[in-house]
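Take a look at the structure set out below.
In what follows, every chain begins at residue 1, and chains take the letters A, B, ... in the order their sequences are listed.
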Amino acid sequence: MATAPKSATGAAKAPAKRKTTPRKKGGDDKAPFSTPDLLRDYRQMLLIRRFEEKAGQLYGMGLIGGFCHLYIGQEAVVVGLHASAAEVDTLVTSYRDHGHMLACGMDPGGVMAELTGRVGGYSKGKGGSMHMFSRKVNFYGGHGIVGAQVPIGTGLGFGHKYKQDGGVCFVYFGDGAVNQGQVYESFNMASLWKLPVVYVIENNLYGMGTSVARASASVELYRRGDAYGIPGVQVNGMDVIEVRKAGEKAVAHCRAGKGPIILEMKTYRYRGHSMSDPAKYRTKDEVSKMRKESDPIDNLRAFLLENKLADEDALKEIDRDVKSIITKAAEFAQQSPEPEPSELFTDVLVDA
Amino acid sequence: MPTQVLMPALSPTMTDGKLAKWLKKEGDAVASGDILAEIETDKATMEMEAVDEGTLGKILVPEGSEGVAVNTPIAVILGEGEEASAINEAPAAPAKAEAPAPKADVPAPKAPAPTGIPAAPATPKAAAEPDYTGETRPMTVREALRDAMVEEMRRDETVFLMGEEVAQYQGAYKISQGLLEEFGEKRVIDTPITEHGFAGLGVGAAFSGLRPIVEFMTFNFAMQAMDQIINSAAKTLYMSGGQMGCPIVFRGPNGAAARVAAQHSQCFGSWFAHIPGLKVLVPYSGADAKGLLKAAIRDPNPVIFLENEILYGRTFEVPIDPDFVLPIGRAKIERSGKDVTLVTFSLMVETALKAAEALAEEGIDAEVINLRSLRPLDTETIVASVKKTNRIVSIEEGWPTAGIGSEIAALMMEHAFDYLDAPVVRVAGADVPMPYAANLEKLALPQVETIIEAAKAVCYK
Ligand SMILES: Cc1ncc(C[n+]2csc(CCOP(=O)(O)OP(=O)(O)O)c2C)c(N)n1
Ligand SMILES: [Mg+2]
C-alpha cells in the first residue's frame, strides 16, 4: 500500500531501529550510550538542521508555498526519543513534522518534494508540508489541526494494545496544543484503558506568538496528566543524551503495560513559528543566548570531541555527507514534476 | 564554486522588499545559521540566515536598498580556499523561482471543463442489487442493526464497537443488545462521554488497521467530533496521496426524535453529504438497515450511518442470510408510479409512502424513491424516474437551505431539464430550531398532507 517515493537521494539511510529487548548499557552514567549511537544522533540532528535550512531557502525562492514550520533548534527531541523506538512502534505529530519524518527514516528527497508540491513527494504533492505520511515506517502524519493528533495517536496506541503487537505510539504536540480539550479526553481514555502511549509535549516556550505563561494557567506541563494518574517527567530537550535516557525509561514504562506517560521536553525553536513570522514577541538576545549556550548539535559535537569519542575529521565527514544528501534532496524536489491534472480526483475514496 | 545569496521571499505573496541592514561584512566568515542581513517589507522585518558556509565574498546590494526583487542575487559566498576573483563564476541563481504558475480556480467539476482541467469522473456505478431469494424474518430495525454488527464481528476480528453505554447498558437505544456477552469487553467498549476524543481515537485505530464502529448516542453529539470526522477521517486519504485509508463507521440516530426540542432533533444528512471522502448512508427499512450497515462495516472508507430513532421499533421482513449485503450508492424504488416522483430518505420514506397511497385515491400515481445513500447519490435512478413522470418533489426533515432537496433540484436542472414539466418542489423541515410544543413540532416537520399538496402542485392539480 505504502509507496515510498523514489528519489535521487536514496543515500539517506533509515536510522537503525532497535528491537524491544533492552540493550546492555556499559560505562558511566554520563555517557551511557555507545559512540556509534551518539554519532548517529549527531548525524540525524545535522540532517534535520540542514534539511530545514534548505527548506527555508527554497521557501525564500518561492518554490515552497503556504505554511512551512521549521524544526530548527528542536532536533534533539525527536532524534533522542526515536532512538528508543522499535520497528513496530508508531509516531504521530503536528504540522512541524519534517524532523520527525527524517528521524523515522523517510527519504529527504520525498519529503522535500512534498514541500515543493511535486509528484515525487510522499503525498504525491497533495498534502504539503503539514500533511505527510508513511505507512512503511509507521509515520502517521503530519496533522494541521492543533491537537488533533493526540486522540489519533491514542487510537494508534489502542491499536497496539488490541493487536497485542507490543508496540508503543509516540504522540508529539506543542505547548500550545496542550490546552486543547481533546488532549484531556485522550489522557483520560489512555489511562483508563492503560494504552501504550508516550505523550511528548514539545515545549518550545511559544505557541505562535503566545508564551506558555500567557496561555497556560499552570506552566508545569509535565503535570498535566496528574488528574488522570499519568506520570510526567520534565526533560532538557536541548540535550540529546538526556532525551535518550528519558525515552528509554518512558518506553519501558509503556511496554511493561503500565499505560501512558508524559514527557515534557523543554526545547526552543530558533526560527519564527512559520516562515512568515517576524517573531516580534521575543528578544533577539533570548534567541542568540539559546543558540550559543544550548544548541543540541554544537553541544553534542563538543562532547564528542572533548571525550575523544570522535575527531574533527570524522565529524567533518558526516557534515559533508549530510550536505550532499540535502543537495540531492533539493535537486530532486525541483526536478520532480508537478502532479498530473488527473491526480485532482484520485485518492478521495479507496475503491471498495 | 562561489554561491550566490538570493533575496528571499518572507511570504508567498512578497515580490520585493528593503534590504535594511547587513550584519556581516565582506571578508567575514559565515556558517550556516548565521544571520546575514535584515529584510523589511511593509508588514514585517525578518532576519535572513546563511545556508552555505564560507566567507562573505562580495555584497552585491548595499544596505538601505529599497524594492529589491525576490530572488535577486544580493551577495556571494566563497567556499573554502576560493578567491574573490572566482566571483564571476558564481552560478546563476539556482532554478530561478519560476513563480509556481497560479493555479486556475478549478470550477465545480460538473460545469463543462475548460481545456486542461479534468472533469470530475462520473460517480462509479454501484454494483447492481442482487435479487435476494433467501429466507426472511419479520424483525425490528433495532434487531436488524444488531444482527448486522454481530455478523460482521463474527466474520472479522478487527471489527469492534465503541461508544457511550454500548456495552453493559446494551446501548442507549438498545441497539447493541447481547454484544458484550458474545464479544467481551475487548471488542464492545463503553467510552467516557468524550465524543471528540473517542471519534479521534477511532480514527487512529482505523489508521492502524482496525475497523471501528463508533456509536454516537445521537448524531447531535457528533458535532463535538466534527473536526475529527471531517479533517482527519475524511481528508487524510487524499492528503497522504492514497496511503492512509480510514475504514471506520460512525453510526447512531439522526433527525428529529419526538418532543426533545432543538438540541436533540436535527438532520445532519446534508452536512455530511457535503464532504468528499465520506460515504453517507440513510437506511429506511429493516433490510436497508442490515444490508447497508454490513456494507458500511466492510467498506474501506469512513462511512456516516444515519439511523432514525422512530424507525428503530418498526418491523420489516429482513433477510437472515449472513451473506446478504446491499451495494452502497443504489436508491430503491419503494413504490412505482407514473405521474410524479417523490424522492426522500429515512423516516420520510414512510411518510411519502402514506402520501402516495392518498394520492392514488385522487388519481395521482406517485413513484417513491428511497435514496438509501446521500453520498454517493444515485442520480441515475432519480433521472430515470423523472424521465417517466416528468415531475419531482424532494422530501426531507432537514432545513431547506443548502439541503438535500437543493442538491436534487440542481441535479435535475443539470441532468433532466428537458424532461421536467414543472419546477422541482422541495418539502423540508421549517427553517427554525425544532420547537418543543407538540403542535409547533408537528408544524416544523413535513407531514403527509404537506407532501400531498406539493405533489398536486407539480401536477398542476
Ligand atoms: C485547532 C487549531 N487552532 C488554531 C490553529 C492555528 N495554529 C497553528 S499552529 C498554532 C500554534 C501552536 O503552538 P504549539 O502547540 O506550541 O506548537 P509549535 O508551533 O510551537 O510547535 C496555531 C494557533 C490550528 N492550526 N488549529
Ligand atoms: Mg510551541
Side-chain angles (χ1 to χ4, degrees), chain A residues 1-3 50 53-54 56-57 59-63 65-66 90 92 117 121-124 126-127 131-135 140-141 143-145 148 150-156 158-160 162-163 181-182 185-186 188-189 192 272 275-276 278 291 334 341-342 344-350 352, chain B residues 6 8-12 32-33 44-46 49 51 70-71 93-95 97 99-100 106 109 116-118 120-121 160 186 191-192 194 196-210 227-228 231-232 236-245 276-277 279 298-301 328:
Chain A
M1 206 173 185
T3 44
R50 294 288 172 263
E53 287 165 356
K54 185 55 91 177
Q57 190 188 36
Y59 192 96
M61 290 160 66
L63 289 164
T90 48
V92 67
Y122 270 92
S123 300
K124 298 193 254 177
K126 297 201 244 182
H131 318 106
M132 259 182 272
F133 308 82
S134 168
R135 276 210 184 264
Y140 284 85
H143 295 269
I145 303 297
V150 181
I152 291 174
T154 308
L156 292 166
F158 179 94
H160 287 304
Y162 191 99
K163 292 182 273 184
Q182 56 185 322
E185 299 191 26
S186 301
N188 184 45
M189 287 185 286
L192 189 65
M275 289 302 297
S276 45
R291 284 186 158 188
Q334 292 170 69
S342 61
L344 181 60
F345 290 108
T346 61
D347 304 322
V348 178
L349 290 170
V350 178
Chain B
L6 305 179
L10 309 185
S11 74
S32 35
T45 306
M46 291 245 297
E49 293 174 8
V51 178
V70 167
N71 279 325
V106 180
I117 296 166
F160 70 94
K186 177 183 173 188
T191 64
T194 190
H196 197 187
F198 69 67
L201 188 151
V203 170
F207 287 157
S208 87
L210 303 181
D227 175 63
Q228 288 290 354
N231 274 317
S232 303
T236 305
L237 182 73
Y238 194 82
M239 297 192 301
S240 64
Q243 287 185 70
M244 303 291 294
K279 293 187 179 182
R298 292 183 192 189
D299 199 277
N301 297 288
I328 290 177

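- In this structure, the side chains of A:I152 and B:S232 come closer than 4.5 Å at one or more pairs of heavy atoms.
- Separation of atoms CD (A:Q182) and NE2 (B:H196) is listed at 3.5 Å; rounding is to 0.5 Å.
- Counting heavy-atom pairs closer than 4.5 Å to chain B, the top-ranked of the candidates A:G181, A:P278, A:G155 is A:G155.
- Partners of B:N231 according to the side chain to side chain contact (heavy atoms under 4.5 Å, CB included) rule, which considers only residues two or more places apart in sequence or in another chain, are A:I145, B:D227, B:K235.
- Considering CZ of A:F133 and CE of B:M244, their distance stands at 6.0 Å, rounded to 0.5 Å.
- Of the listed residues A:M132, A:K124, A:H131, the one with more heavy-atom pairs under 4.5 angstrom with chain B than any other is A:H131.
- By number of non-hydrogen pairs under 4.5 angstrom with chain B, the leading residue of A:K163, A:H160, A:K54, A:M275 is A:K163.
- Of all the listed residues (B:G202, B:G209, B:A206, B:G277), the one sharing the greatest number of non-hydrogen pairs under 4.5 Å with chain A is B:G277.
- Among the candidates A:G117, A:A148, A:S186, A:G159, the residue making the largest number of heavy-atom pairs closer than 4.5 Å to chain B is A:A148.
- When A:G272, A:G127, A:G153, A:G144 are compared by the number of non-hydrogen pairs under 4.5 Å with chain B, A:G127 comes out ahead.
- A:T346 touches chain B through its backbone: at least one of N, CA, C or O sits under 4.5 Å from a heavy atom, while the side chain does not.
- Exactly one of B:F207, B:F198, B:F160 qualifies for a ring pair (Phe, Tyr, Trp, His ring centres under 6.0 Å) with A:F158. That residue is B:F160.
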